[in-house]
S.K.: 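Below is one structure. I have some questions about it.
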2 protein chains.
Amino acid sequence: MDDPSDSSLSLEKQICFPFYEAANLLQQLYRPFLAPLNLTYAQYLVMLALWGHDGKSDVTVGTIGRQLGFETGTLSPLLKRMEAAGHVRRMRSPDDERRVIISLTRQGQLLREKAKYIPDQLLRDSGLNDAELAGLREKGQAFARCLRRMLQIRSV
Amino acid sequence: MDDPSDSSLSLEKQICFPFYEAANLLQQLYRPFLAPLNLTYAQYLVMLALWGHDGKSDVTVGTIGRQLGFETGTLSPLLKRMEAAGHVRRMRSPDDERRVIISLTRQGQLLREKAKYIPDQLLRDSGLNDAELAGLREKGQAFARCLRRMLQIRSV
DNA sequence: GGATATTATATTGCATACAATATAATTGCA
DNA sequence: TGCAATTATATTGTATGCAATATAATATCC
């Protein structure tokens, strides 16, 4: 079987394409919910990370990058836009001036109250039951884990 | 339960994030395989679509857009880059001059021979068995289908 | 303690993505 | 036939994404 059949190049047989398509679609799905909060989907993920840290410890650009799998080339300008929008503050660490500490502004903290209805709303709209949702999450995480392993990226 | 718990905003509980992350990772995974062919992942998907049509009938910009879920704002410049790279030709339809017919160049046809080893290579590298791969594909397709339904996009 | 290596972030260049809008051609209907 | 509606693609503007590179600060080693 050294010569793979041409059918392996069939669009329908692709494993990756549905995931790629889903990523595009889910951003379209979130847009009308996030636009009123002045957030894009990538920015929403950053907010989730920051809300999760609760200001208990310093969160740097690198912290967020590792959590979300973003390179600095993505995160730096993204965080500047979020700063311009008033969601976050960027501050050089006094201890290590290479680090930039990202913290929530008051507005960024308050945004959590508006955002917390979004996940449940979308879950309801999906019409999927808990088992189906759990199955999707598990498969999504498994695939991401598989890809990280193939790329030799240390999982968070 | 009108007031959702804040935990719904936890990054770990998100359904969508793993799919979003996977889409970013899979492009990184394909890059070293596709770069030698002078293709990006999105362009590879266009090639899959074109190879699948086999030149049997006219493939327009709209045809590809519906198959891949791309807007014209994405596809138009993408196809121009593929034309500049010598993979495809763009030609106004004589029948309906609004249409632009996309066809493979000789180079684009030959590229299929080089590309056909990629899927099997990646499947091997994944280390997943057939059942796991089938499960992933099914869940990915199911999620994309769910999102299309939520966005009221007619499936291809 | 000073050269070297490492770390953390920023910048640049290129390629997606999509919404909104524009343009041009075709269709449909009075 | 003529004009409004529709269709197909292109353009513009904004926001990702990542690789490659640059910059600056810290750590390490001798």
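Given the structure is predicted, the values throughout are model-derived calculations rather than measurements. Lettering follows sequence order; numbering is per chain, from 1.
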S.K.: Phosphate oxygens OP1/OP2 of C/dT9: is one of them under 4.0 Å from a side-chain N or O of A/Lys80?
M.R.: no
S.K.: When you measure from the side-chain N and O atoms of A/Thr60 to the phosphate of C/dA8, is any distance below 4.0 Å, counting only OP1 and OP2?
M.R.: no
S.K.: Have B/Ser10 and B/Glu12 got a donor and an acceptor in their side chains that come within less than 3.5 Å?
M.R.: yes
S.K.: Is it the case that A/Asp125 and A/Gln121 place a side-chain donor and acceptor less than 3.5 Å from each other?
M.R.: yes
S.K.: Counting only side-chain heavy atoms from C-beta out, which of C/dA15, D/dT26, C/dT9 sits nearest to B/Arg81?
M.R.: C/dA15
S.K.: Determine whether A/Glu21 and A/Gln14 make a side-chain contact, defined as any pair of heavy atoms from C-beta on separated by less than 4.5 Å.
M.R.: no
S.K.: For the base of D/dA10, is there a side-chain donor-acceptor partner from B/Thr72 under 3.5 Å away?
M.R.: yes
S.K.: Name the nucleic acid region contacted by B/Gly62, choosing base, sugar-phosphate or nothing; use a 4.0 angstrom heavy-atom cut-off, strictly under.
M.R.: sugar-phosphate
S.K.: So, is B/Gln43 near the phosphate of C/dT16, with a side-chain N or O under 4.0 Å from OP1 or OP2?
M.R.: yes
S.K.: With nearest nucleotide decided by heavy atoms, which residue, A/Leu78 or A/Pro94, maps closer to the 5′ end of DNA chain D?
M.R.: A/Leu78
S.K.: Under 4.0 angstrom, heavy atoms only, what part of the nucleic acid is B/Phe70 near: base, sugar-phosphate, or nothing?
M.R.: sugar-phosphate
S.K.: Please state whether the base of C/dT9 and the side chain of A/Arg98 form at least one donor-acceptor pair under 3.5 Å?
M.R.: no
S.K.: Should the pair B/Tyr44 and B/Tyr30 be assigned to parallel (<30°), tilted (30 to 60°) or perpendicular (>60°) ring geometry?
M.R.: tilted
S.K.: Looking only at the side chain of A/Glu97 (C-beta and beyond, no hydrogens), which of the listed nucleotides D/dA10, D/dA25, C/dT16 gets closest?
M.R.: D/dA25
S.K.: Would you please confirm or rule out a distance under 4.0 Å between OP1 or OP2 of D/dA25 and any side-chain N or O of A/Arg99?
M.R.: no
S.K.: Have a look at A/Thr40 and say if it touches a base, only the backbone sugar-phosphate, or nothing, with a 4.0 Å heavy-atom cut-off.
M.R.: sugar-phosphate
S.K.: If the cut-off is 4.0 Å, is A/Ser76 near the phosphate of C/dT9, judged by side-chain N/O to OP1 or OP2?
M.R.: no
S.K.: For a quick test of reading the model: is some side-chain N or O of A/Arg90 closer than 4.0 Å to OP1 or OP2 of C/dA10?
M.R.: yes
S.K.: Using a cut-off of less than 4.0 Å, is there contact between a side-chain N or O of B/Arg31 and OP1 or OP2 of C/dA15?
M.R.: no
